[in-house]
Visitor: 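Before anything else, here's the structure in question.
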Amino acid sequence: MIFSEEKWKKGNEQDANIPLSASLSFTKVAPSLANAQDMFLNPLLGSELVAELESAYTQENPGAAMTTLLKMSQNAVVNLTLWYYFDLLQMRVTDQGFHRQGSEDWQQPYKYQEDRIREGFKLRGFNALDGLLDYLYDNADTYPAFKQSTAYTDKRGAVVRSKKDVEQLVYIGGSTLVFLRLRTEFPTIEENRLVAVMGRTLYDLFRGWLSTPNTFPSEKCNCTLEDLRERCATVVVRHAVVRVIQQTGSLTDRGLYFGATVATGGNDNSSQPASDMAIGDRLSLYKSDASVAEDNLRRFLSRRMDAFFDNHTPHHIIRDNDGKQAFFAM
């Protein structure tokens with residue numbers, strides 16, 4: 001684990017991420033920290049890089065690169081621990097069951113305060129993971145063990161690589177949960193929409209180039225692989241948003257909501273589900289954006305990758321009208 005009782009007590013390493021009370025003992029939080037690391041951090045970094053990270057944690061001078069990675073990893077794990085185990089950490093479990101702790105000097109926070117605190121931990125934790133992955137991806141040569149991880153190979157070979165690609169097109173409030181929900185639709189969109197626009201041959205070449213960028217035939221194209229990926233990502237994201245709204249009527253992890261200010265005691269912010277008309281208007285807008293994105297991709301391919309795109313057979317009927325009394329109008 002990338003935490004220890006000695007540093008937790010003497011070094012106050014948790015204060016670099018969250019100003020926690022010194023009365024929060026390492027014994028109380030250690031199992032939760034270990035589980036959060038196993039659930040959220042280890043699958044992203046891979047076993048080899050995690051082993052290097054844990055080894056560096058025990059060293060006095062692990063080096064600038066590993067020190068930076070340790071700080072970013074600890075920040076993510078601490079916040080996600082306090083979010084995921086928020087309720088359990090407030091309880092004392094005995095043979096007689098669960099008991100809520102309290103004192104005469106300190107009172108339990110109000111419900112709306114707990115909700116805000118929990119939401120803050122979740123947002124900071126997932127944002128820290130996103131930042132960690134972006135940092136590792138941009139500095140992969142500095143951390144060669146990361147290149148063996150599933151997260152690296154998946155991201156390198158993906159059309160839509162991160163929630164930044166989504167956030168540039170559709171506002172999702174920086175929510176990793178929304179991105180994960182949209183990502184389940186990406187394979188279907190790629191197969192149904194990108195193949196229809198690009199053709200199977202060009203699409204298969206494109207996916208191969210994503211995994212092995214140095215094979216991209218730039219001499220035959222008036223573009224870069226990143227240019228092509230960004231335009232394909234626009235199509236995928238636009239259509240994924242449409243599919244999610246059609247299936248669930250929601251675009252956030254709590255649904256498509258409009259905010260309002262009302263008198264509700266301790267908290268004056270209230271959210272109400274969007275009306276069917278509002279959802280329909282938003283859906284029509286997203287469908288229009290998706291159609292425009294497809295048209296833009298077709299024009300881009302015909303201008304910049306005509307050596308490949310000319311070989312694509314369109315789905316409409318092709319007929320020579322010369323010398324015919326009846327003709328097909330296109």
Side-chain angles (χ1 to χ4, degrees), residues 1-63 65-101 114 117-137 143-152 154-155 175-177 179-180 253:
M1 189 168 65
I2 55 175
F3 297 92
S4 66
E5 184 172 11
E6 180 182 1
K7 293 183 179 181
W8 186 271
K9 291 180 178 179
K10 297 181 180 179
N12 296 324
E13 60 184 359
Q14 76 277 11
D15 291 343
N17 304 300
I18 302 174
L20 300 176
S21 171
S23 61
L24 179 61
S25 67
F26 184 76
T27 303
K28 169 77 172 179
V29 77
S32 300
L33 287 171
N35 289 335
Q37 178 179 322
D38 290 340
M39 285 189 297
F40 299 108
L41 185 67
N42 294 3
L44 295 182
L45 302 189
S47 58
E48 186 174 347
L49 183 56
V50 169
E52 292 183 7
L53 196 63
E54 292 178 339
S55 175
Y57 179 74
T58 63
Q59 302 172 13
E60 292 186 4
N61 298 303
M66 295 307 293
T67 297
T68 299
L69 191 60
L70 274 170
K71 289 181 179 179
M72 298 178 74
S73 300
Q74 287 179 325
N75 183 31
V77 172
V78 167
N79 278 282
L80 289 173
T81 297
L82 294 175
W83 163 66
Y84 195 80
Y85 294 100
F86 186 85
D87 293 323
L88 189 59
L89 288 173
Q90 299 184 74
M91 299 292 179
R92 182 176 60 183
V93 185
T94 68
D95 293 340
Q96 286 74 41
F98 292 82
H99 303 277
R100 181 172 61 89
Q101 295 179 337
E114 287 191 349
I117 293 170
R118 184 188 289 109
E119 186 68 19
F121 287 144
K122 181 182 73 171
L123 185 62
R124 287 190 296 270
F126 281 117
N127 283 347
L129 282 184
D130 290 335
L132 176 61
L133 281 180
D134 289 339
Y135 169 77
L136 286 171
Y137 193 80
Y143 305 93
F146 179 64
K147 292 184 176 182
Q148 309 302 319
S149 69
T150 302
Y152 178 78
D154 286 350
K155 185 174 182 179
S175 173
T176 299
L177 297 181
F179 172 71
L180 294 176
D253 47 328

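The residues of the chain are indexed from 1 along the displayed sequence.
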Visitor: Who passes ring pair (Phe, Tyr, Trp, His ring centres under 6.0 Å) against Phe146, sequence neighbours left out?
Guide: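 Checked Phe146 against ring pair (Phe, Tyr, Trp, His ring centres under 6.0 Å); matches are Tyr152.
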Visitor: Distance check, rounded to the nearest 0.5 Å: Thr150 atom OG1 versus Leu44 atom CG?
Guide: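 Spacing of OG1 (Thr150) from CG (Leu44) equals 9.5 Å.
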Visitor: With a 4.5 Å heavy-atom cut-off, do Leu136 and Leu69 have their side chains touching?
Guide: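 The answer is yes, as the side chains (C-beta and beyond) meet within the 4.5 Å cut-off.
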Visitor: Could you tell me the separation between the CG atom of Leu133 and the CE atom of Met72, rounded to the nearest 0.5 Å?
Guide: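 It is 9.0 Å, given to the nearest 0.5 Å.
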Visitor: Which heavy atom of Ala76 sits nearest to which heavy atom of Leu129, and what is that distance?
Guide: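 Taking Ala76 first and Leu129 second, the nearest heavy atoms are CB-CD2, 3.7 Å.
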Visitor: Looking at Phe121, Tyr84, Phe126, which one forms a side-chain contact (heavy atoms from CB on, under 4.5 Å) with Asn79?
Guide: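 Result: among Phe121, Tyr84, Phe126, Phe121 is the only option passing the side-chain contact (heavy atoms from CB on, under 4.5 Å) with Asn79.
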Visitor: Any sub-3.5 Å donor-acceptor pair from Gln74's side-chain atoms to Phe3's backbone N or O?
Guide: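 The answer is no, because no donor-acceptor pair under 3.5 Å joins these two groups.
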Visitor: Taking only residues two or more places apart in sequence, or in another chain, which ones meet Asp134 in a side chain to side chain donor-acceptor pair (under 3.5 Å)?
Guide: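 If we apply the side chain to side chain donor-acceptor pair (under 3.5 Å) test to Asp134, skipping adjacent residues, the hits are Lys155, Lys164.
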Visitor: Got a sec, which residues hit side chain to side chain donor-acceptor pair (under 3.5 Å) with Asp130, two or more places apart in sequence or on another chain?
Guide: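 Scan of Asp130 (side chain to side chain donor-acceptor pair (under 3.5 Å), adjacent residues dropped) gives Lys163, Thr176.
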Visitor: Mind listing the side-chain donor-acceptor pairs of residues 45-56 below 3.5 Å, one per line with the distance, residues two or more places apart or on another chain?
Guide:
{"unit_1": "Glu54", "atom_1": "OE2", "unit_2": "Met1", "atom_2": "N", "d": "3.0"}
{"unit_1": "Glu54", "atom_1": "OE2", "unit_2": "Gln37", "atom_2": "NE2", "d": "3.0"}

Visitor: Going by the side-chain contact (heavy atoms from CB on, under 4.5 Å) test, name the single residue among Leu41, Asn127, Thr68 that passes it with Leu132.
Guide: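 So, applying the side-chain contact (heavy atoms from CB on, under 4.5 Å) to Leu132 and each of Leu41, Asn127, Thr68, only Leu41 qualifies.
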Visitor: Under the rule for side chain to side chain donor-acceptor pair (under 3.5 Å), what residues qualify as partners of Tyr143, not counting sequence neighbours?
Guide: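 Counting only residues at least two positions away or on another chain, Tyr143 forms a side chain to side chain donor-acceptor pair (under 3.5 Å) with Tyr135.
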Visitor: Rounded to the nearest 0.5 Å, what separates atom CZ in Phe40 from atom OG1 in Thr81?
Guide: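 Spacing of CZ (Phe40) from OG1 (Thr81) equals 8.0 Å.
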Visitor: Can you measure from CG (Asn75) to CZ (Arg124) and round to the nearest 0.5 angstrom?
Guide: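 The CG atom of Asn75 sits 8.5 Å away from the CZ atom of Arg124.
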